[in-house]
Amino acid sequence: MHNDPEVIVRSPQELIGDLNEQQAQAVQFRGPALLIGAGAGSGKTRVLTRRIAWILTRFGAWPSQILAITFTNKAAAEMRERLSTLIGPVAQRMWVSTFHSACVRILRRDGERIGLKSGFTIYDTADCERLVKLIATDFNIDVKRYTPRQILARISDYKNGLTGVRETLAQYAPDFRPGTRGFRIGHIGNVEELYAIVYAEYQHRLALANAVDFDDLIVRTVELLRTQPDVAEYYRRRFRYILVDEYQDTNHAQYVLVRELAGVDSGERPSSDAVGAGRQGPAWITVVGDSDQSIYAFRGADISNIQDFEQDFPDARTIMLEQNYRSTQTILDAANAVIAHNEGRKPKKLWTAAGKGAPITGYAADTAQLEAHWIAHEIRRLHEEEGVRYSDVAVMYRANAQSRSLEEGLIQAHVPYQLIGGTKFYERREVKDALAYLQAIVNPADGINMRRILNVPKRGLGARAESMVTVWADERGLTFWQGIEQADRIEGMTTRTLNPLKRFAAMMTQLRTFAAEHDRQPSQVVAEVLAQSGLLEELQKSTDPQDQSRVENLSQLQSVAAEYEQNTPDATLAGFLETTALVADSDQLPDEAEDTGKVTLMTLHTAKGLEYPVVFLTGMEQGTFPHSRAMEDTSELSEERRLAYVGITRAKRHLYITRAAVRAQWGRASEMMPSQFLDEIPDELIDWKRREAGVERMRSGWGRGSDGGSSYGRGDDWDAGLDEFGGWDDGFAEPSYGGSAYGRSSYGSSSYGSSSYGGSSYGSSSYGSSSRGRSSSSAAAPRFGSAARERSSSSSSGNGGAHFSYGVSGSSPTSTRSSSRFGSAASASSRSGKVTTRRTSPKSSPKPASALDKDNRLDINDFHVGDKVSHDSFGLGTVLETQDKGRNSIITVDFGSDGVKRLMLRVAPIEKL
DNA sequence: ACCAGGAGCCGATAC
DNA sequence: GGCTCCTGGT
Ligand SMILES: Nc1ncnc2c1ncn2[C@@H]1O[C@H](COP(=O)(O)OP(=O)(O)OP(=O)(O)O)[C@@H](O)[C@H]1O
């Protein structure tokens, strides 16, 4: 055995001594293909880490021979961290990363071979949408009918399934040639034809722009390996052990990637004398996953990858882990009961030695606000009475939109929290603008980013200028940037446009020179861009209070760049941009050991792989969770159920499940029925603090109490007051609790900003993973103290330099106005579940008419000065003036307190009284 | 070319 | 409640 001298050799005892029988077997397993299948919390990740250490020390592998794939950057950093303690600092040099990061690395090295130049740009979803929109406009495609989103989803499906442009074209549009100028889509007999055409053009333009989208990172790497045998050979020799975590959420492209990297189909024979995978033959593959936790089908994850593993890989073995080390029996029972409702799965026997533990606590609130209120106060109670640390509590929800009311509840109760996900820092407009400059500098062929910045800040280069350059450049087969460079050769260009164009070109050239000279100091390039472009200046001059926080975001961007620079030995501008493209929500999560003193709020999806002593699953309602769009279809519903399973199994000791009887959405209130998942949990596991909401109780009649009412009583006194008095009628419009606490005062300061983006979110933790150690963010010592202080002080932790607070404005709470929407009762009893509840009107609009050809057929001549009219949003008004302009007639109405409005009659939602 | 205001459209989950 | 598109006016 030839161990890497830098690897600390661990004894078997150290590596498997504290594992159970199956775990130990999995760690030591010798063979080309191993699936560690297991239920939640059975130690899969732990086993995977130990197995890596085992391979290194017992099979004599070198760290460079290992490729370990995790689901998130965060998980990669954590695994690397654990490996460091096991085998020493060499771990930092190992390939432990997500599929995407690994592929970027491969493509940066060898992408040239398939036409990707080294500075290639990674488009995010917004960029891709812009590109599709551009194509759609060029091709005369009705984006109302075929939304860019829809088209992109289809393209993504193609890619995840490794279906290439050539195939789709051959099948659906054999005559189309991408890049044909002046192409217009005519009558499409077949939607597939349209998709195929856009897909082809989209790929064509990506190639011209030297850009890739997220899916391409995988797909093009597969292409690279498949078409360039010597490159494939290189990686096959190099990676002798490939390990993949969360294998149930891999898609087809990723599956093929693993196969290609491992050389499973190369037909090469393994060296017979090797202890492990040896030097030749297919690499040894270990995958880890739980089919019941597959929750990313919507982005192509294919559960059959894990289900068929044994058939797919020669000599594959499966080892099941069955002991759960995380949760109490009660929590496991609930999880098992729920997931048992999914059809066509192999039942698992998962057990725990932990004992029953506390019952699950249930709570049915009247509204989402009250749900949040109850949760917040319960968390505070746990903290104050039971000494639970805030950072040991997580609040989870199905969709990001739900976080708002929860945040408000927590703020009111002075519970410090940290929100993970939602709108991301790098997606903010000003940050995206600055990044677009950087992209355009690194890769001027990138037309999307170049176009984006052409007139940001305003330079008098609008749509006309843009299209003139585009047309001229297209005709000559040049890029947009080349068009700009040669703008003075464009005919018919006025000096009014030409001058700013030339200035723009000069500025960009200058910035490019600067960037080339300072490639190792991205932060300096950022600073230069901010100054030279005028981005900063425009915002600084602005009086809009929002722009103040935008300035701070930009300065934050600069400190992020500085930090990247410090933590990355071979820092480059392109490298920096790459890290910004690949950040995920989960990167905002605090480090494992860290006590932030804050409750964590996140979606169920981001919660995957995590664990918390106390978990709140919120919004347990039909339509919310399971989500309305997923309720019709069995397979989507199954996925929702798996998501519920994931959620439940995040809890170690205490699980809460809550729901609201009324939830505001689209500004309207809808009645929500209890989630069917609640019915699927055995009732005796749940201690309902409040089983029915006020509305529901009123309907089923007071006298009877709740439907079988086992545990109604205890703990009810607290909310009894709310129920009877604040709960339903008054309480909805204007909550009676807390007196005037609903007021603005508690929103003051920077609480929003610091809790969302502050702390380690975008500072240290984001970048630790990209290279070396995690920048010692351990400096952020846990602080306790008054909740309020905790919140406002947190913004200064971590990164040196600019802390930023993010606009407080516009986030004032609005108590939902109900306007009697639910007088018409669905007489269902509260726990009947199982039925679609939401009274949203069925979407049956066949052709959404564009606003252009919209006409309410009102005649201006029917209106006279002094007439009373009623407007959908402004209410009652008096006609002041009418202007007969035919189709574009204008009516001026005085709406009293809402002011005087000039309305276009054709589209105005008004009615003559 | 740019701004303001109005209307209508939507909206899951995310690398 | 939030975002984008549209319009008319500057
Ligand atoms: N042999 C063991 N002894 C004690 N604790 C263990 C053992 N194995 C795992 N654990 C603990 O159990 C918990 C769950 O482990 P881990 O996160 O690896 O599970 P998992 O299978 O990846 O879970 P999930 O699939 O739900 O994300 C962790 O807190 C881990 O430390």
Side-chain angles (χ1 to χ4, degrees), chain A residues 70-73 97-101 103-104 122-125 128 133 143-144 147 149 153 156 160 213-218 249-251 254 295-301 396-402 404-405 421-424 427 429 455 458-466 496-497 500 581-587 602-608 619 623-631 636 639-640 642-643 646 664-668 810-814 816-817 840 843 845 848-854 856 871-874 883 885 888 890 899 901-904 906-910:
Chain A
T70 58
F71 199 68
T72 63
N73 299 317
S97 71
T98 62
F99 272 113
H100 293 273
S101 304
C103 287
V104 170
I122 303 168
Y123 279 177
D124 70 8
T125 318
C128 297
K133 260 187 209 147
V143 288
K144 288 260 147 62
T147 65
R149 256 178 96 89
S156 180
N160 291 331
D213 63 20
F214 284 131
D215 297 328
D216 275 342
L217 290 174
I218 316 291
D249 277 320
T250 51
N251 61 37
Q254 290 165 332
I295 55 175
Y296 280 98
F298 71 91
R299 65 173 209 219
M396 301 173 190
Y397 38 84
R398 175 67 239 265
N400 284 307
Q402 290 165 251
R404 210 191 176 83
S405 51
T423 342
K424 284 169 234 138
E427 285 167 10
R429 199 197 70 199
N455 200 29
K458 301 267 176 288
R459 305 187 170 89
L461 296 171
R464 232 191 109 67
E466 185 189 314
R496 239 167 87 96
T497 341
L582 295 180
V583 281
D585 286 347
S586 56
D587 294 333
M602 67 193 136
T603 65
L604 287 156
H605 280 91
T606 31
K608 183 168 85 153
T624 307
F625 187 33
H627 193 272
S628 54
R629 309 249 287 230
M631 291 194 318
E636 283 188 75
E639 178 140 319
E640 295 289 297
R642 290 194 288 270
L643 194 54
V646 168
Q665 37 194 19
W666 296 299
R668 308 251 125 171
S811 49
S812 64
T814 38
T816 323
R817 291 255 151 219
T840 42
K843 294 183 130 178
S845 51
S850 117
L852 252 178
D853 39 56
K854 188 150 251 174
N856 56 19
H871 186 280
D872 278 3
S873 40
F874 301 127
Q883 287 166 271
K885 297 194 193 172
N888 292 343
I890 304 276
K901 309 281 181 200
R902 301 182 72 244
L903 309 167
M904 183 166 303
R906 167 164 64 87
V907 291
I910 62 174

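Per chain, numbering begins at 1; letters A, B, ... match sequence-line order.
Nucleic acid contact for A:R398: base, since at least one base atom lies under 4.0 Å from a heavy atom of the residue. Across all strands, A:T72 comes closer than 4.0 Å to no nucleic acid atom at all (heavy-atom distances). Among the protein residues, A:E636 comes within range of the nucleic acid bases, having at least one heavy atom under 4.0 Å from a base atom. No engagement by A:Q402 is indicated, since no non-hydrogen atom pair under 4.0 Å with the nucleic acid exists. Nucleic acid contact class of A:Y296 (heavy atoms, under 4.0 Å, all strands): sugar-phosphate only. Among the protein residues, A:D215 comes within range of no part of the nucleic acid, since none of its heavy atoms lies under 4.0 Å from any strand.
For A:F71, the ring pair (Phe, Tyr, Trp, His ring centres under 6.0 Å) partners are A:Y296, not counting sequence neighbours. Taking the side-chain hydrogen bond (donor to acceptor under 3.5 Å, both in side chains) definition, one finds that A:T250 meets it with A:N305, sequence neighbours left out. For the side-chain hydrogen bond (donor to acceptor under 3.5 Å, both in side chains) test, residues two or more places apart in sequence or in another chain that qualify with A:E640 are A:R398. A:D124 meets the salt bridge (charged side-chain N to carboxylate O under 4.0 Å, His left out) test with A:K432; sequence neighbours excluded.
Phosphate contact (OP1/OP2 of C:dT4, side-chain N/O of A:R149, threshold under 4.0 Å): absent. Residue A:N400 places none of its side-chain N or O atoms closer than 4.0 Å to OP1 or OP2 of B:dA12. Phosphate contact (OP1/OP2 of B:dA14, side-chain N/O of A:T603, threshold under 4.0 Å): present.
Among B:dC15, B:dT13, C:dC5, the nucleotide with an atom closest to any side-chain atom of A:T125 is B:dC15. Residue A:H627 places its side chain closer to B:dA12 than to any other of B:dA14, C:dG2, B:dA12.
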Distances under 3.5 Å between protein N/O atoms and the N/O atoms of nucleotides 8-10 of chain C, please, pair by pair.
unit_1, atom_1, unit_2, atom_2, d
C:dG8, OP1, A:N888, ND2, 3.2

Restricting to nitrogen or oxygen on both sides, can you table the protein-nucleotides 2-5 of chain B pairs closer than 3.5 Å?
unit_1, atom_1, unit_2, atom_2, d
B:dC2, OP1, A:N455, ND2, 3.3
B:dC2, OP2, A:N455, ND2, 3.2

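Smallest separation of non-hydrogen atoms from A:C128 and A:D213: SG-CB, 3.5 Å.
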